[in-house]
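Counting starts at 1 for both ligands and their atoms, following the listed order. Just so you know, residue 1 is the first one in the sequence shown, and it goes up from there.
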Amino acid sequence: MSAADSAREAAAALERCDALGLNATLHWSAELLDAQAAAVDRRAAAGEVLPLAGVPVAIKDNIVTADAPTTCASRILEGYTSPYEATAVTRLRDAGALIAAKTNLDEFAMGSSTEHSAFGRVQHPLDAARVPGGSSGGSAALVAAGAVPAALGSETGGSVRQPASFCGVVGVKPGYGRVSRYGLVAFGSSLDCVSVFGRTVEDAGRVLRAISGPDPLDSTSLAAPPITPGPAPADLRGVRIGLPREYFPADLDPAIRTALDRVAGAVRALGGTVEDVSLPHTRYAVPTYYIIAPAEASANLARFDGVRYGLRRIGPEGDVRSLYRATRGEGFGPEVRRRVLVGTYVLSAGYYDAYYRKAQRVRSLIAHDFAEVFASGVDLLLTPTTPTTAFRAGERTEDPVAMYLADIFVSAVNLAGLPAISIPAGRSAGLPIGAQLIAPAMGDERMIEVAAALERMVSAVAEVR
Ligand code: GLN
């Protein structure tokens, strides 16, 4: 298929999603798709080798593109277009991909349901009353709806794996530093990772391969080659999978437990072994994350001051304070304001030691837990991705802690900087369940290969009882 045909197909699919009211896109245009496709077809005709020729990829709207606005789903950036592009986007274009759409998200990627978007919530593609997860809910919904085979999201604390699990698609968070953060609007710089959704593990792997690898424009990018997964192994002989008991609490949803038992069964059927392990500091992951991430956010979001980007409002006093107060008061939504306040508080003199410094120490303990189990010879960890299936819109918006607890099985990985993947593992009452594999540092390739082997056995749409 030519890129031109692929562009037309993508435009028709995006139109259907918009007509259904998914609200997954914030910006896309058929003209832009056609123009990109024409250029790709010309390059292919000239003999260029393009590994993603004509593949439409949607981009979360906190990753900058030069030919379309980037809003972070915030009023403060409404109408803003970046003068430069994110490295991940440039690499997708180099590989021949079509940048299909900018997708809706929780404002500045802060949330777990995509209800905190200034431009309205995203609907779950299987049930309009439910949320797709978040914060990369628009990207997850578009892949789940079949509009694009792959999409970029971002992870600071689970924002790709959690919506992937809710929507029944694949979500991969690479190890910290393996994909450049250049052009990803900063939230928590020590945590942020451009991450990938795919309809299949293979699709996600191909996109990851195109976008990963060192980048001189990001000083935290690792000097490691691009993530290049091999094919799914025929069996898992010699592979040791750990089941951390802290991720299987007594009150875990029984359907999710059964689904994970099936994945463990698939590991054994392929010749691998499964063993119980412990990550004793797991219960501190959510509180630690919700100190460190807001602390970094409060510093990173200081740049939205009414001077440099987007919205500019001046209060009645007419001075610089009133500029900040009016711009930020009007431009940021309630969840972003909450994060900035919490972050400023935990960094303030007198509270820094009690909160921020302590959280940094606990972060080391959490990373150490993972290092220990992997040092014991376990190759990968297997856990549920989320404690529940997709919840109803409105159910958690009044209670931030209930919202934060949606991240209970995902945030430790971000604190430790490890690679992890969520794959579909059946359904409960029609709603997808995700299984998560967590790998040691630099284990991205192996993790993706094993996930591809398991995907064949467990991802068929099967109701779990
Ligand atoms: N739920 C997390 C938060 O609200 C997700 C953040 C993310 O990964 N972008 O901070």
Atoms of ligand 1, numbered as shown, that sit under 4.0 Å from any heavy atom of [X]:
X: Gly111; value: 1 (N), 2 (C), 3 (C), 4 (O), 5 (C)
X: Ala109; value: 6 (C), 7 (C), 9 (N)
X: Glu155; value: 8 (O)
X: Ser135; value: 9 (N)
X: Asp407; value: 1 (N), 2 (C)

When the ring planes of Phe108 and Phe304 are compared, do they come out parallel, tilted or perpendicular, using 30° and 60° as the limits?
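Ring orientation, 0 to 90° scale: tilted.
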So do Leu243 and Leu381 actually touch side chain to side chain, heavy atoms under 4.5 Å?
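Sidechains of Leu243 and Leu381: no contact.
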Is the shortest side-chain heavy-atom distance between Val122 and Thr103 below 4.5 Å?
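Counting from C-beta outward, Val122 and Thr103 never come under 4.5 Å.
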Charged N-O contact under 4.0 Å between Arg328 and Asp305
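Salt bridge flag = no for Asp305 with Arg328.
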Whether Glu246 and Arg283 form a salt bridge (side-chain N of Lys/Arg under 4.0 Å from carboxylate O of Asp/Glu) is what I want to check.
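Not counted as a salt bridge, because no side-chain N and carboxylate O are separated by less than 4.0 Å.
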Measuring centre to centre across the rings, with the benzene-like ring taken for any Trp, is Phe166 within less than 6.0 Å of Phe391?
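Ring-ring flag for Phe166/Phe391: true, centres closer than 6.0 Å.
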I want to know whether Tyr404 and Tyr289 have ring centres closer than 6.0 Å.
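Ring centres of Tyr289 and Tyr404 not closer than 6.0 Å.
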Give yes or no for whether the N/O distance cutoff of 3.5 Å, strictly under, is met between [X] and ligand 1.
X: Met110; result: no
X: Ser154; result: no
X: Phe187; result: no
X: Tyr289; result: yes
X: Thr156; result: yes

Among all protein heavy atoms, pick out the one at the shortest distance from atom 5 (C) of ligand 1; state its residue, atom name and that distance to 0.1 Å.
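Looking at atom 5 (C) of ligand 1, the protein heavy atom closest to it is Ser159 OG, 3.1 Å.
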When you measure from the heavy atoms of Tyr290 to every atom of ligand 1, does any distance fall below 4.0 Å?
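True for this residue.
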For Gly158 and ligand 1, answer yes if some heavy atom of the residue is under 4.0 Å from a ligand atom, otherwise no.
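Flag set, Gly158 near ligand 1.
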For Tyr356 and Tyr351, what are the C-alpha separation, side-chain angles and deciding distance, and is it a ring pair (Phe, Tyr, Trp, His ring centres under 6.0 Å)?
CA-CA 8 Å; Tyr356 185 71; Tyr351 295 104; over 10 Å; no
Examine the proximity of ligand 1 to Arg339 and report which part, side chain or backbone, both or neither, has a heavy atom under 4.0 Å away.
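It is the side chain that touches ligand 1; the backbone stays farther off.
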Please check if the number of heavy atoms outside Arg308 that lie under 6.0 Å from its CZ is greater than 12.
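Yes, because the 6.0 Å sphere around CZ of Arg308 holds more than 12 heavy atoms from other groups.
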